[in-house]
Amino acid sequence: MSASHAPVPLYAFAMPDLLANLNPEQYAAVTLPDESALIVAGAGSGKTRVLTTRIAWLIEGGRVSPSGILAVTFTNKAAREMMTRLGAMLPINTRGMWIGTFHGLCNRLLRAHHRDAGLPSAFQILDSADQLSAIKRLLKANNIDDEKYPPKNLQYFINGAKEEGLRASRVDANDAFNRRFVELYAMYESQCEREGVVDFAELLLRSYELLDSNRALRAHYQQRFSHILVDEFQDTNRLQYAWLKLLAGEHSAIFAVGDDDQSIYAFRGANVGNMLDFEREFAVRHRIKLEQNYRSHGNILDTANHLISRNSRRLGKDLRTDAGAGEPVRVYEAATDQQEANWIVDEIRALLDQGMSRSEIAILYRSNAQSRVVEHALVAAGVPYKVYGGLRFFERQEVKHALAYLRLIDNPDDDTAFLRVVNFPTRGIGARSLELLSDTARLHQCSLAAAAPLLTGKAGAAVASFMRLIEQVRAETAPLNLPETVEHLLAASGLNTYYEQEREGQERLENLQELVNAAAAFAAEEGYGRDVPARSLPMAPGASAAPALTDDSDAVEVIDAGAPLVRQMTPLAGFLSHASLEAGDNQAQAGQDAVQLMTVHAAKGLEFMAVFISGLEEGLFPHENSAVEIDGLEEERRLMYVAITRARERLYLSFAQSRMLHGQTRYNVRSRFFDELPADTLKWLTPRIEAGARWGGARDNAGWGRDWFAPPSHIETALADKQRAADTGYRTGQTVFHNKFGEGTIIGLEGSGTDARAHVSFQRHGAKWLSLAVAKLQIVD
DNA sequence: GCCGGGCTAATTTTT
DNA sequence: TTAGCCCGGC
């Protein structure tokens, strides 16, 4: 019998320990009754601690068994952290618990119920790059002009639609261009279906639909997960919110933790509004604010509080600290970006001399391109540094090649994988042969692998020999465990030989060997014995195939009584999922103790003793593109807020009068954020010159962006006429022209009057929400 | 099939 | 400025 039916207190006597050292707000949050609650957790307020302690407290008090918990995060790192901390608090095995990322948990769900979800048992996950190449292939196969329908945009469009919960059949299409997009979306869906692959958004949407359409399954999970805990709630998109709501049902309690002031991912679909929707729709009675900050000194917090108070529509929050005021926030104005970089390096050297370690120092910037100057200065000064945001392990080409072979072994219909390695290493299968093959496949509506035997002639022979290779590797690896399978494949595929002969192949070879290690580590971590073949399900017969859950309640029991659901995956399928869902470390160089360089976005969730925020110039930070985005300036301000609150003791702000950008010297004005910071926490190292004095005339905050992107007057006039003509004058499906982003299609409209917004899918810039009052959109007929 | 020149575009990013 | 992509030539 599963533990879920008999929750038993584990260590009742340990409870005081668990709750010791919590401040009153934290305590209140952790010990809330069994109903939905919103925890507004400020930066550095012990958010993760509250989340994990809440879980521990629920389990310990016998309110729920570990299997009744579902805890969801956005990143694998956060999920791991939660499991580690929980494991330290309670003597339980956290591995079997449903703690993971949205995508990871959805993957688990779909593996367990792949049949009900309409997926093959060995379905594979496309990462963004795979998805893009699948889309390119789709366009090519159907002779579609990729100038007119850029693959990137189609990808954006498809993912955007999925994240709104919309299948192609339900997307609005009013003009020919838009209809074509929807049509391509539908074709993409059937291509994925045929190949047995799902993209990231599909994991979410598919599992949402699975629960939505299958009453028994839904009831089962709703009942099972009586407590759902969500981290970084402000980052959830609409589909994730809907998914949570569906899973919670009528009776489960959602413990949502988030910070509206740290919402910086609107551009990828995050909807802060989910916080208020949640309060309303779940009749939340408890909103608890965690405002006690354990990270930063007073001056730093005051600076952050003051800045963010400028934002409207906040839930409202002021961070406080028991630490003293500490050092003032130092501000430096440089003549050039190079001088700015040199100053930063000088200050860093002073900090290092004082004994601060390099890894406690971070240099933050708004966009990646800004790292170059700083890197130069660091190299010149001989200061070791680490840049975050490079290629990750599973994204390296040699690793992707190897994974493609593994995928083919598991699922030969995976055309993305097929095309990636059919001629790598080269085996004389050129573009001509592949064209023939893909024509054949299209004709028979089948995968490339399935079409291979139908191909005749020289091309047919070459492809057949490749298929024999795959077949042979498949047979040879049947008895092998996961790392052995990878090892064998590296040899049999010719990848090893290829990189051995390659002049600069040494590092790639090492990465391939590292892949074997990663496979071994994965197998060990998941508890697969060395004798478990990579493509077998180590379960009792009968339970190996996930029972199809229909409206038969007996079948539901089988799942609960069986082994953990993760075992519904073979080691290989699990490893491939792992590779797609967790691309690995995001750091370029490995260096031991190094100064940390990253974008502000990448710094979210981290903290450092000393933080430098560089490039604080109008157009850069706040970024000029944000000017035309809905609430763009407020999001930039939140971004600045996140940046400031990363610092524990030292905070340095800097900007440069001129900066090399896009090969040209740009002359910038200091960021408006300086005018929004409190004067008494700042210490100007260079003379502070009042805004406007240098450039003549005050800046117009209200018209953020208006001057910069004013379209030609004839467009403005035409637009004004149309706006006067009827309401906003826009409708979805219309093709519009934007002065900066070019042509796009309106895929959604919201609000009215000055608040009216349009969701526009641009051909070259992706989908953006634009304020109709600010952005000038010309209707193209 | 590979190399290199020319063209283009250049926020932020996890899964 | 520079990185990535495409196309043309060998």
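Here is the naming used below: chain letters follow the sequence lines, and residue numbers restart at 1 for every chain. Excluded from the calculations below are hydrogen atoms, water molecules and symmetry mates; all remaining heavy atoms, backbone and side chain alike, are included.
- An OP1 or OP2 oxygen of B:dT13 is reached within less than 4.0 angstrom by a side-chain nitrogen or oxygen of A:N368.
- Residue A:R366 contributes atom CZ, which lies 11 Å from atom C1' of B:dT13 at whole-angstrom precision.
- Judged by a 6.0 Å distance limit and a 45° cone about the ring axis, A:R111 is positioned over the six-membered ring of A:F123.
- Two rings, from A:F674 and A:F655, have their centers less than 6.0 Å apart.
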### Query
What string of B, S and - do you get for nucleotides 1-10 of chain C 5' to 3' if you count protein non-hydrogen atoms under 4.0 Å?
BSS-------
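- Within the structure, every pair that satisfies the salt bridge (Lys or Arg N to Asp or Glu O under 4.0 Å) test and touches residues 418-432 of chain A, not counting sequence neighbours, is listed here: A:R432-A:E435.
- Between the CG atom of A:D235 and the P atom of B:dT12 there is a distance of 17 Å, rounded to whole Å.
- Judged by centroid separation below 5.5 Å and plane tilt below 30°, A:Y265 does not stack onto the base of B:dT13.
- Between the side chains of A:Y499 and A:E398, no donor-acceptor pair of N or O atoms lies under 3.5 Å.
- Nearest-nucleotide assignment on DNA chain B puts the 5′-proximal partner with A:I264, out of A:I264 and A:S580.
- Not a single donor-acceptor pair under 3.5 Å links the side chain of A:T599 to the backbone N or O of A:R366.
- Judged by distance alone, the side chains of A:D130 and A:T416 never bring a donor and an acceptor atom under 3.5 Å apart.
- Across the protein-nucleic acid pair, A:N625 atom CG and B:dA9 atom C1' stand 12 Å apart, rounded to whole Å.
- Stacking between A:H623 and the base of B:dT11 is present: ring centres sit under 5.5 Å apart and the planes differ by under 30 degrees.
- Nucleotides C:dC5 and B:dT12 place their C1' atoms 23 Å apart, quoted to the nearest Å.
- Following rounding to the nearest Å, A:D130 (CG) and B:dT15 (P) show an atom-to-atom distance of 15 Å.
- One finds a side-chain N or O of A:N423 lying less than 4.0 angstrom from the OP1 or OP2 phosphate oxygen of B:dG1.
- Remark: A:R238 fails to qualify as a cation-pi partner of A:Y241 under the 6.0 Å distance and 45° angle criteria applied to the six-membered ring.
- B:dT13 and C:dG4 are spaced 15 Å apart, taking the P atom of each and rounding to whole Å.
- The side chain of A:T599 places an N or O atom within less than 4.0 Å of a non-bridging phosphate oxygen (OP1 or OP2) of B:dT13.
- With rounding to whole Å, A:M598 atom CE is found 15 Å from B:dT12 atom P.
- A:L364 places its CG atom 19 Å from the P atom of B:dT11, with the value rounded to the nearest Å.
- Look at CD on A:Q234: it is 15 Å from P on B:dT14, rounded to the nearest Å.
- Remark: the A:S128 side chain and the B:dT15 base include a donor-acceptor N/O pair separated by less than 3.5 Å.
- In this structure, the nucleotide among B:dC2, B:dT15, B:dT12 sitting nearest to the side chain of A:T426 is B:dC2.
- Between B:dT15, B:dT11, B:dT13, one nucleotide has an atom nearer to the side chain of A:N76 than all others, and that is B:dT15.
- Within the 6.0 Å centre-distance limit, the rings of A:Y498 and A:F424 are counted as a close aromatic pair.
- Nearest to the side chain of A:E629, among B:dT13, B:dT11, B:dC2, sits B:dT11.
- Taking atom CZ of residue A:F200 and atom P of nucleotide B:dT13, one finds them 16 Å apart after rounding to whole Å.
- The phosphate of B:dT15 has OP1 or OP2 within less than 4.0 Å of a side-chain N or O from A:R392.
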